[in-house]
Protein chains: 2
Amino acid sequence: MQRPALTVDRNSPVPLYFQLAEQLEAAIVAGTLTPGSRLENEIELADRCGLSRPTVRQAIQHLVDKGLLVRKRGVGTQVVQAQVKRPIELTSLYDDLVASQRSPRTKVLELATAPAGDEAAKNLGVPPGTPVIRLRRLRLTDSEPLALLTNHLPVDIVDLTAERLESNGLYEILRATGVNLRIANQTIGARAATTAEATLLDERRGVPLLTMTRTAFDDNGRAIEFATHVYRASRYSFTLTLVER
Amino acid sequence: MQRPALTVDRNSPVPLYFQLAEQLEAAIVAGTLTPGSRLENEIELADRCGLSRPTVRQAIQHLVDKGLLVRKRGVGTQVVQAQVKRPIELTSLYDDLVASQRSPRTKVLELATAPAGDEAAKNLGVPPGTPVIRLRRLRLTDSEPLALLTNHLPVDIVDLTAERLESNGLYEILRATGVNLRIANQTIGARAATTAEATLLDERRGVPLLTMTRTAFDDNGRAIEFATHVYRASRYSFTLTLVER
DNA sequence: AAGTGGTCTAGACCACTAG
DNA sequence: TAGTGGTCTAGACCACTTT
């Protein structure tokens with residue numbers, strides 16, 4: 001049983017449950033709460049923090065969803081033993097790379113408005129032939145090609161410039177414009193590189209590529225982006241953590 | 001604003017919030033609640049079902065996590081427009097295939113106890129050389145090879161027989177033995193098929209394969225399984241839905 | 001100004017697990 | 001039997017969005 005120091009600031013605009021969750025997470029990351037160790041029970045935790053039990057439960061549930069804690073009825077709450085890896089999130093590759101300090105670079109290959117093809121139209125929920133923004137970028141890290149990114153967006157979402165796209169991720173630009181991405185459907189597969197792809201990615205024709213297609217929707221349910229990305233399998237893979245609820 | 005019929009059974013052992021969530025989900029699937037439509041507010045919903053607001057909120061939160069509903073403060077709760085696909089879950093490929101009615105078949109290629117190699121030992125958290133169960137299976141659907149599955153398990157988890165493995169998924173067997181899988185780390189990538197893999201999968205050497213490695217832990221945080229699977233990219237891909245919280 | 005979801009409280013009873 | 005988390009209630013006040 002381990003009892004990390006916990007204090008909440010009732011004058012902070014940050015919700016109390018979130019303050020508690022952050023402190024517990026920090027204690028886990030710092031090693032103050034060791035993997036496999038048990039937390040105090042919820043009542044005791046509530047008393048010690050001066051919070052109600054439902055608020056404490058909300059904080060714990062947050063960390064259970066994150067895969068950091070495990071609860072068992074009749075037993076208690078334990079710190080997960082398994083090392084949790086960063087899950088696939090609703091973020092862009094650019095954000096991911098920045099987060100892992102990989103100094104990404106972007107080369108805009110195409111930025112144009114063109115009639116939507118059948119696939120893009122279907123995924124964006126617009127009639128075929130509707131003008132859409134078509135964007136193709138090459139993403140590099142440490143001057144090595146990593147991925148070829150193709151995106152389609154409705155024309156009225158955001159004004160994109162090649163310049164801005166070379167210094168910011170697409171999702172970052174969307175967020176700054178006030179677009180709130182809420183839900184996305186993704187498919188991950190593999191296929192052989194075409195000659196054109198191989199040339200751009202500095203590989204040979206036929207090498208395995210990891211593919212990801214994604215349709216992202218904002219909080220109104222409107223399709224904001226249809227993406228078809230291919231990654232060099234030799235330099236990229238997806239990592240995720242699954243939590244049984 | 002749409003008001004589906006909702007009733008809860010207070011004598012049922014099923015939690016009230018779950019009963020409500022199920023009925024709302026059923027209404028969404030059935031089309032009674034159409035995409036984009038708004039639900040009643042939480043107070044009204046609570047009154048109409050004879051439940052308290054926190055219980056109603058718990059039901060709604062469940063469906064938000066599932067990606068079926070979206071909540072916006074000051075606005076209301078809406079049915080998501082985007083079609084939600086089945087996410088990657090902590091289930092086996094076998095279960096997935098059965099669920100999609102694909103009549104899977106399994107051929108056990110190897111089932112033996114052998115000293116753990118470095119990678120398996122590291123992922124299972126045992127010293128290298130510790131005896132572990134090594135399992136290799138070929139999974140087919142409609143008599144076509146689909147994937148080559150390699151698993152390592154600690155010897156004392158479960159008694160496996162080739163016979164049982166040919167008629168049940170590994171996860172099903174584990175569940176039946178009382179093992180509760182709680183968390184798993186997965187990596188999805190791609191690479192070219194070796195000659196041996198190509199022969200087994202009825203492909204040619206060098207074709208792109210989709211790869212998945214997974215380490216699964218039970219609710220005590222003990223590593224139960226280390227899997228290395230390769231899929232024919234021409235016949236399989238991963239689908240998942242991301243929800244921004 | 002009115003209506004919505006977000007947060008929070010202080011209790012209560014129940015189901016499950018362990019010794 | 002004692003202790004744990006799971007569920008549930010009936011309120012309260014606040015922050016945000018829309019009218």
Side-chain angles (χ1 to χ4, degrees), chain A residues 1-3 6 8-22 24 37-65 68-80 178 180 182 218-220 244-245, chain B residues 1-3 8-22 24 37-65 68-80 178-180 182 218-220 244-245:
Chain A
M1 181 78 68
Q2 303 181 10
R3 291 184 181 73
L6 297 169
V8 295
D9 174 6
R10 301 194 85 99
N11 293 319
S12 162
V14 178
L16 300 176
Y17 83 88
F18 197 79
Q19 290 184 40
L20 178 54
E22 275 185 324
L24 288 173
S37 66
R38 277 206 8 231
L39 256 60
E40 303 149 81
N41 70 49
E42 299 176 347
I43 310 281
E44 199 174 322
L45 217 41
D47 282 350
R48 204 154 67 79
C49 300
L51 297 172
S52 70
R53 187 178 164 211
T55 302
V56 169
R57 278 184 62 79
Q58 195 176 357
I60 292 176
Q61 186 59 48
H62 191 77
L63 297 180
V64 169
D65 288 344
L68 292 170
L69 295 178
V70 172
R71 280 201 278 209
K72 277 186 281 186
R73 189 193 300 215
V75 178
T77 304
Q78 282 181 300
V79 179
V80 161
N180 298 311
R182 272 316 242 296
D218 71 2
D219 48 15
N220 295 312
E244 185 71 314
R245 290 165 201 275
Chain B
M1 180 79 66
Q2 304 179 10
R3 289 183 182 75
V8 295
D9 173 6
R10 303 194 83 101
N11 293 318
S12 161
V14 178
L16 300 176
Y17 84 88
F18 197 81
Q19 290 185 39
L20 178 54
E22 276 185 323
L24 289 173
S37 66
R38 276 202 15 227
L39 256 59
E40 303 149 78
N41 69 49
E42 299 177 348
I43 310 280
E44 199 175 321
L45 217 40
D47 282 350
R48 205 153 67 78
C49 299
L51 296 172
S52 69
R53 186 178 164 214
T55 302
V56 170
R57 279 183 63 78
Q58 195 176 358
I60 292 175
Q61 187 58 48
H62 190 77
L63 297 180
V64 169
D65 288 344
L68 292 170
L69 295 177
V70 172
R71 281 201 277 209
K72 276 187 282 188
R73 190 193 301 216
V75 179
T77 304
Q78 282 180 302
V79 179
V80 160
V179 175
N180 298 310
R182 274 312 245 292
D218 71 2
D219 47 16
N220 295 311
E244 186 72 315
R245 292 165 198 273

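Below, chain A is the first sequence line, B the second, and so on; all start at residue 1.
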Asks: Would you kindly give the CD-to-C1' distance between B/E44 and C/dA2, to the nearest whole Å?
Replies: 15 Å

Asks: For a quick test of reading the model: is some side-chain N or O of B/T55 closer than 4.0 Å to OP1 or OP2 of D/dT7?
Replies: no

Asks: Take the protein atom CZ of A/R182 and the nucleotide atom P of C/dG5, then report the distance between them rounded to whole Å.
Replies: 13 Å

Asks: Taking only side-chain nitrogens and oxygens of A/R10, does any of them come within less than 4.0 Å of OP1 or OP2 of C/dT9?
Replies: yes

Asks: Under 4.0 Å between a side-chain N or O of A/R71 and OP1 or OP2 of D/dT4?
Replies: no

Asks: With nearest nucleotides of DNA chain C determined for A/P15 and B/G74 from heavy-atom distances, which residue corresponds to the more 5′ nucleotide?
Replies: B/G74

Asks: In whole Å, I'd like the distance from the CG atom of B/L39 to the C1' atom of C/dG3.
Replies: 16 Å

Asks: Is B/R57 close enough to C/dG5 that one of its side-chain N or O atoms is under 4.0 Å from OP1 or OP2 there?
Replies: no

Asks: Which of these nucleotides, C/dT9, D/dG5, D/dA10, is closest to any side-chain atom of B/S52?
Replies: D/dA10

Asks: Between A/V75 and B/I43, which is nearer to the 5' end of DNA chain C once each is assigned its nearest nucleotide?
Replies: B/I43

Asks: Measure the distance from CD on B/Q58 to P on D/dC8 and round it to the nearest whole Å.
Replies: 6 Å

Asks: Just call it for B/P54: base, sugar-phosphate, or nothing, with non-hydrogen atoms closer than 4.0 Å on any strand.
Replies: base

Asks: Which residue, B/V56 or A/I60, contacts DNA chain D at a nucleotide closer to its 5' end, judged by nearest heavy atom?
Replies: A/I60

Asks: Do the non-hydrogen side-chain atoms of B/C49 and B/V56 ever get within less than 4.5 Å of each other?
Replies: no

Asks: Do B/V64 and B/L69 come within less than 4.5 Å of each other through their side chains, counting heavy atoms only?
Replies: yes

Asks: With heavy-atom distances below 4.5 Å as the criterion, would you say the side chains of B/E42 and B/L51 are in contact?
Replies: no

Asks: Expressed as a whole number of angstroms, how long is the span from A/E42:CD to C/dG11:C1'?
Replies: 15 Å

Asks: Check this one for me: any side-chain N or O of A/Y17 less than 4.0 Å away from OP1 or OP2 of C/dT7?
Replies: yes

Asks: Hey, is the side chain of B/N41 poking within less than 4.0 Å of OP1 or OP2 on C/dG3, counting only N and O atoms?
Replies: no

Asks: For a 4.5 angstrom cut-off between non-hydrogen side-chain atoms, does A/L45 reach A/T77?
Replies: no

Asks: Using a 4.0 Å heavy-atom cut-off across all strands, classify B/L16 as base, sugar-phosphate, or nothing.
Replies: sugar-phosphate

Asks: Name the pairing partner of D/dC8, where a pair is Watson-Crick or G-U wobble with both distances under 3.5 Å, or state none.
Replies: C/dG11

Asks: So do A/V79 and A/L39 actually touch side chain to side chain, heavy atoms under 4.5 Å?
Replies: yes

Asks: Measure the distance from NE2 on B/H62 to P on D/dT7 and round it to the nearest whole Å.
Replies: 10 Å

Asks: Which of the following nucleotides, D/dT4, C/dT4, C/dC8, is nearest to the side chain of A/R73?
Replies: D/dT4

